[in-house]
Amino acid sequence: MTTPPPFVPGLELSRRFFHEAVRPLVAEAAPGIAYSAARLGSGSEVLGFDTARSRDHEWGPRLELFLRPADVARYATAISERLAAGLPKTFLGHPTHLVPTDEAGIRVMAATDGPVRHAVDITDPGTWFTGRLGFDPCRGVTLRDRLSAPAQRLAEVTSGDVFHDGLGALTTARARLDWYPHDLWLHVLACQWRRLSQEEAFVGRCGEVGDKLGAAVVAARLVRDLMRLSLLMDRRYPPYAKWLGSAFARVPGAAGLAPVLRAVLAATDPDTREQHLATAYETVAAEHNRLGLTDPVDPATRPYHGRPFRVLRAERFADALTARITDPAVRALPPAGAVDQFVDSTEVLTRPAAARAVTRPCTG
């Protein structure tokens, strides 16, 4: 059995692969052409979470090569053929030849004695960004664009690394998407607080009627939303479930909050779960106050109306954030937030998109 080479983080592998192997061949195939090169998009290495395990599929010496649209038509085939013929069979011990598997769209590294079936994807910036996001940030970014793009996709196009930007388009596009404009950030934060307010009383209600499984499920949803809120407060796009915990661990204060959230998930009796949830709420509420985005909001938990459920009444934080929004276009947005926040929200919009009114579900 062949011993695998020492693990190299995929982003570093791709960076060296470009500079040492790809760049000279591009110069031979298309002398003087303007292009950009990067490792962006899907792949655990783009977010910096890859490990040796990642090498089993869709990982290896790979990158994106961006040309002007006219140059894609003129030079892409010649560049691809030059790479296939001239690339080394391995780079830092890893095969540069990727072959398809029985799963559609999934490739694995493999040895070859012939031309390299490389993973240098050649395209133009507009086509690539539109394919990832549904719009081209090189042409500008609207409020609808920002809110309709999943946070995972925004993380994918703003993380990774640009190795060379001869076109200048990648730098411009990534700067535009680096984070939400201030007022839109306040809106997204407010909507995340509203998500908490929708369900924070449900844990106690499920427990009261003996629904232990339902209480655990709601508690897990609240933990997830607290993690996402912490990331948004730290100006980070929350990734999808596989990497949410890894990303959360990088947030300042996560070392103190993570044990509390684990305790929420581990709790099997209502009182213990409620106690840990209250601690988590108050911790994140205190962080909100430290940001100084609004006047201080009382971070203490309290009963839910006349019911014996200890909650934060998180809508207080949402209201405080919304009050600070000055952009009329953002103020006119419904309290639905970005697409990730909206898709499993329990609030139902009752008016056209410009309206602010919502109807809350029955909370009996």
Side-chain angles (χ1 to χ4, degrees), residues 1-26 29 35-67 72 75-125 127-134 150 152-153 155-164 170 239-243 246:
M1 184 174 181
T2 304
T3 302
F7 174 71
V8 179
L11 201 56
E12 177 61 22
L13 177 67
S14 293
R15 181 183 297 109
R16 291 188 57 181
F17 181 55
F18 166 68
H19 285 291
E20 298 175 28
V22 173
R23 189 170 194 164
L25 296 175
V26 173
Y35 67 91
S36 299
R39 181 67 192 96
L40 311 173
S42 61
S44 55
E45 70 270 29
V46 173
L47 301 182
F49 297 135
D50 57 325
T51 67
R53 174 70 68 190
S54 306
R55 298 186 292 192
D56 62 3
H57 74 286
E58 282 302 306
W59 189 98
R62 55 185 297 212
L63 56 96
E64 291 74 42
L65 193 69
F66 298 95
L67 312 180
V72 172
Y75 294 109
T77 299
I79 292 173
S80 184
E81 290 176 350
R82 185 69 192 93
L83 293 172
L87 283 172
K89 308 301 184 187
T90 62
F91 186 79
L92 300 184
H94 297 86
T96 58
H97 183 69
L98 273 73
V99 298
T101 65
D102 291 337
E103 293 186 66
I106 300 298
R107 300 168 296 180
V108 298
M109 294 181 290
T112 182
D113 292 327
V116 170
R117 184 178 291 177
H118 58 81
V120 178
D121 298 323
I122 305 173
T123 185
D124 68 90
T127 297
W128 188 86
F129 278 112
T130 301
R132 302 302 302 172
L133 300 171
Q152 170 68 22
R153 292 298 179 94
E156 289 174 354
V157 302
T158 56
S159 299
D161 198 9
V162 176
F163 311 137
H164 172 70
L170 300 188
Y240 70 154
K242 181 165 62 169
W243 302 122
S246 298

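At least one donor-acceptor pair closer than 3.5 Å links the side chain of His118 to the backbone N or O of Ser80. A donor-acceptor pair under 3.5 Å is formed between the side chain of Ser54 and the backbone N or O of Thr51. Remark: side-chain polar atoms of Glu45 are not paired, donor with acceptor, to backbone N or O of Asp50 under 3.5 angstrom. Using a distance-only test at 3.5 Å, with no hydrogens or angles considered, no donor-acceptor pair links the side chain of Ser14 to the main chain of Leu63.
Once rounded to the nearest 0.5 Å, the distance linking CG of Leu87 with OG1 of Thr112 reads 11.5 Å. Separating the OH atom in Tyr35 from the CD1 atom in Ile122 is a distance of 11.5 Å, to the nearest 0.5 Å. The CG atom of Leu170 lies 11.0 Å from the CZ atom of Phe163; values are rounded to the nearest 0.5 Å. The distance from atom CZ of Arg15 to atom CD of Glu20, rounded to the nearest 0.5 Å, is 11.5 Å. Note that the CZ atom of Phe66 and the CG atom of Asp124 stand 9.0 Å from one another [nearest 0.5 Å].
Side chains of Arg117 and Pro100 form a contact here, defined as non-hydrogen atoms less than 4.5 Å apart. Between Arg107 and His57, every side-chain heavy-atom pair lies at or beyond the 4.5 Å cut-off. Side-chain contact between Trp59 and Met109: present, with at least one pair of heavy atoms (C-beta onward) separated by less than 4.5 Å. Residues Val72 and Thr127 fail the side-chain proximity criterion, which asks for heavy atoms closer than 4.5 Å. Taking 4.5 Å as the limit, every side-chain heavy atom of Lys89 sits out of range of all side-chain heavy atoms of His97. Side-chain atoms of Trp128 and Asp121, non-hydrogen and from C-beta on, never get closer than 4.5 Å to each other.
Here the closest heavy-atom approach between residue Ala29 and residue Ala78 is recorded as CB-O, 4.0 Å. The shortest non-hydrogen separation linking Pro239 to Leu47 is CB-CD1, 4.2 Å. In terms of heavy-atom proximity, Val22 sits nearest to Leu83 at CG1-CD2, 4.0 Å. When all heavy atoms of Leu13 and Val8 are compared, the pair lying nearest together is N-CG1, 4.0 Å. Shown here for Pro61 and Phe91, the closest heavy-atom pair between the two residues is CG-CB, 4.3 Å. Residues His94 and Pro5 share a closest heavy-atom pair of NE2-CG, 3.6 Å.
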